[in-house]
Amino acid sequence: MVGSPESKRYVEVIIDTAVRDLDRPFTYELPAEISAGVQVGSMALVPFNNRLSLGYVVGFPPRSDLSRIKSVSRIVDEPPLFDFDSMRLCKWIASHYLCPLSRSFHLVVPPGRSRKVKQLVSLAVRARDALIAVAGDDAAVKVVNELNSAGELDIDALKKLIGAGPAVTGVKSMEEKSLVKRRFALTRPAANARTRLVVHATPVASDWNAINKLPGRQREIVDELIARGGVEFQSDLLQSVGASHASLKSLAKKGVLEIAGEEVLRQPWLGASSGGAVRHKPNARQQAAIDRVSTVIEEGRHKVFLLEGVTGSGKTEVYIHSIEKALEKGKQAIVLVPEISLTPQTVERFESRFPGDVAVLHSRLGPGERFDQWRGARDGRYRVVVGARSALFAPLANIGLIVIDEEHEPSYKSDTSPRYNARDVAVVRARMAGAVVILGSATPCLESVERARAGLYERLELPKRIDNRPLPEVEIVDMRETGGAGEVPLLSRRMLDALSRAVEAGDQAILFLNRRGFSNYMQCRACGQIMGCDDCEVSLCYHSRGNMMLCHHCGMRRNVPPACPSCGGGPMKQFGAGTQKVEEELMKHVPGVTCIRMDADSTTTKDAHWRLLGKFRAGEAQVLIGTQMIAKGLDIPSVTFVGVINADTALALPDFRASERTYQLLTQVSGRAGRGLRPGLVVIQTFNPDHPTIKAMTGGTGTFIEAELESRSRANYPPFVDLVNVMVTSPEIAAASRSAERMRHILDTDLDGTGAIILGPAPAPLSRLRGLYRWHILVKSADLDKISDRLITAVGRFYDYSRTFPPGKSVKVSLDVDPVSLL
DNA sequence: AGCACGCCGACT
DNA sequence: GTCGGCGTGCTC
Ligand SMILES: [Zn+2]
Ligand SMILES: [Zn+2]
């Protein structure tokens, strides 16, 4: 490029802020000195409204008509944080989920590398001189004192120390007298590349004459290094020889070897491998699915497959063969599994088939490990990425296949902005990359079912379990008839009999306690007071461990009070069943039975979850009693009995997906039975045996899906309309309701004529969470794209209006597009 | 968001 | 007369 003064370069920058009306490109001049290597995705430090801000380069306009253009201060982190394809995906996410573009960039940038601009202030003169100069100015005196003791201070830290007002005015008045220096700095990233010292042998090391002249210790080092192929980490080499650093340095000086720092990837330890690569031969149905997927991958076309396979039908085998095909074509693959299923066993299934080629991204990784897995994927060291939701954004250059296992899982939906659903974004990413998607599930969500019917997705079915093993037989027990005149038992006669039989036959059993919409609680026997969370509108759950009460929504814990805090009466009593109660009940009726309990209580520590499952798998107990966490992924051949203690507690939840969820959960749990050689039996206890969801469990799932779709269609719910939940929150109860009402009026005018249906405002079913009062306004539309601009406008108008007529403290309005939970 | 400017009450 | 409150405007 010619460096003539006229050929100025410009960049468009998206400022890294969540503020909606700043979510647009700002144009800056790019000084020639720093313009080398700047690309889309580069991070730029730019002057922005009397301060410096970070932003992302999104474009290079050839010229600009703006009169006052500032220049980029500097480019941070040489290589760009994302590429053009990622930017395209981010733009789609921002426009679909109605979030600021900068927010969607956070999904694709390297993890742990985010930075913030901080303002540092320090004294420009001696403290005593400064004190004299500011005498009488209280704020400035405070600033001087703090800066004198701390040296240089972050302005935010100063605000915390002496208050925001004095900090700002004090610093400002001092700045006018040149008593303080202000400078901008970037925070350190949480993760950095790790370098280790590596020793390389030079040609001299193979020269016998030279080596034989070396002192003994040094010769040992060289021998060992050669034995290890001429390259080894310095620390490992020294340790194995038992030599000191001095001898190594001496060798380096003689030119026998070279020592250099090299970047290494940290490998997260996933636990011991449980076995070798078992290569199953696909059965006919599996092979048919594999062939179909392979054909499309071979053609290099984009396509979405809905792989509907009953529990135990071997969906993973289809995934693995499809991945093989993608790799064979020189492409890469992403496999998403629900966080809870991301166990060492799951990873092992892929790692054993693609040894050394699998990156794993999950929440248990430390920042450094996560960064390295990400980096390894970007640099082509791994070709398969397995992970939970956010692994969808793994930086693979040439994606051929994206697998979404258990595609119906609600955990694929993010509950923080951007509130994306990985299942849906996967389809978009694949479409942009010309890749194939496999959505796998035994119980696909109705959205996917409907899209398959419309011909948007191609359906592949695995209607039978592998090796022709039968699906478990399902029995429904009507709990209304079990109690007789007395109390309804926790475990019915039928349940106990069936469980005993399985255990006596030497098999294992699972008892499932549905916690959703049903939990234990503490209540005063005298006045009826129920112990609730201070910050949420829910009752606290009693946990025997530590005699504590815990809020399952915000994590608040509290000791059980000796007396009722409301009336001062006697001790509180526990109501509702926990796994412990189930165990007690079971022991009473089946003496000598051995149990393992798995719930939030028993799995508090990091690996307890996997450890307990491992014990059960190893046959150390006959019965596994657990909550939601045992519903998925468990594949234990000796489990022949599954008992569902309370099938219908989640049916009554105020959520249009309550039936669908219950159906999915019950199917998943039932699917744990009879996966081995002996057939399985499932007993489901219910108070609603005639409910379509429960009936669907004994056959006729097709009719259930049909009826459910029909009712969604009638009531105008997804998949037949697009849904947006407008969420209004505030720590003040009146502000929340007032604002929700105000927002409704704004929506009424802004959405007028679009045909959108507006419901509410209504207090959210979970009306208070983490100290915030919550209101919902539901917007239904035939076509989201037609109203999305108006929704953004409405939110903007709400905030504008709130500035002149504040409705109260910290009111927030957020938009949840395609909401999954309406609680 | 966050920073500066500007116009009004309550201090010297 | 000035100090500082926060309403308002703006950010290439
Ligand atoms: Zn009481
Ligand atoms: Zn809580």
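Chain identifiers are assigned alphabetically (A, B, ...) following the order of the sequence lines, protein sequences preceding nucleic acid strands; residue numbering begins at 1 within each chain. Basis for what follows: all heavy atoms, side chains included, without hydrogens, waters or symmetry-related copies.
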query: If you measure from the Lys or Arg side-chain nitrogens to the Asp or Glu carboxylate oxygens, is any gap between A/Arg115 and A/Asp16 under 4.0 Å?
result: no
Donor-acceptor pair between A/Asp83 and A/Ser86 side chains, under 3.5 angstrom: yes
statement: The dot-bracket string of DNA chain C, counting Watson-Crick and G-U wobble pairs with both distances under 3.5 Å, using [ ] for crossing pairs and | for pairs to another strand, is |||||||||||.
message: If the cut-off is 4.0 Å, is A/Gln119 near the phosphate of B/dG2, judged by side-chain N/O to OP1 or OP2?
response: no
- prompt: Do the rings of A/Phe805 and A/Tyr801 sit parallel, tilted or perpendicular, given the 30° and 60° boundaries?
  reply: tilted
message: Would you compute the distance between atom CG of A/Leu153 and atom CG of A/Leu123 and round it to the nearest 0.5 angstrom?
response: 9.5 Å
- prompt: Could you give the start and end, 5' to 3', of the contact zone on DNA chain C for chain A, using atoms under 4.0 Å from its heavy atoms?
  reply: C/dT8 to C/dC12
query: Roughly how many Å is it from CG in A/Leu54 to C1' in B/dA1, rounded to a whole number?
result: 14 Å
- line: Residues at least two apart in sequence or cross-chain that pass side-chain contact (heavy atoms from CB on, under 4.5 Å) with A/Lys780, listed by chain then number, are A/Asn716, A/Tyr717, A/Val721, A/Leu723, A/Ile757, A/Leu759
- line: By nearest-nucleotide position on DNA chain B, the 5'-leaning member of A/Asn50 and A/Val19 is A/Val19
- prompt: Quick one: A/Ile14 CD1 to B/dA1 P, roughly how many Å, whole number?
  reply: 18 Å
query: Mind checking what makes side-chain hydrogen bond (donor to acceptor under 3.5 Å, both in side chains) contact with A/Glu732, not counting sequence neighbours?
result: none
message: Nearest whole Å is fine: how far is B/dG2 P from A/Asp154 CG?
response: 12 Å
- prompt: Contact class for A/Ser67 vs. all strands (heavy atom < 4.0 Å): base, sugar-phosphate, or nothing?
  reply: nothing
message: I'd like to know if A/Arg375 and A/Asp372 make a salt bridge, using a cut-off of under 4.0 Å between side-chain N and carboxylate O.
response: yes
message: Using whole Å, what does the distance between atom C1' of nucleotide B/dA4 and atom CG of A/Asn49 come to?
response: 8 Å
Under 3.5 Å between N/O atoms: give me all the protein pairs with nucleotides 5-12 of chain B, atom names plus distance.
none

query: What does A/Leu22 touch in the nucleic acid at a heavy-atom separation under 4.0 angstrom: a base, only the sugar-phosphate, or nothing?
result: base
- prompt: So what does A/Arg68 hit on the nucleic acid, given a heavy-atom distance under 4.0 Å: a base, only sugar-phosphate, or nothing?
  reply: sugar-phosphate
message: Taking A/Lys160 first and then A/Asp156, would you say they form a salt bridge - that is, a charged N and a carboxylate O separated by under 4.0 Å?
response: no
Test side chain to side chain contact (heavy atoms under 4.5 Å, CB included) applied to A/Lys413 and A/Asp816, step by step: CA-CA 10 Å; A/Lys413 169 85 172 170; A/Asp816 188 359; 2.9 Å; yes
field: Inter-residue atom distance A/Thr169.OG1 - A/Met174.CE, 0.5 Å rounding
entry: 11.0 Å
message: Counting the atoms with a prime plus P, OP1 and OP2 as sugar-phosphate, which does A/Arg20 contact under 4.0 Å by heavy atoms, base, sugar-phosphate, or nothing?
response: nothing
- line: Hits for ring-ring contact (aromatic ring centres under 6.0 Å, His included) against A/Phe105, two or more places apart or cross-chain, chain-then-number order -> A/Tyr56, A/Phe82
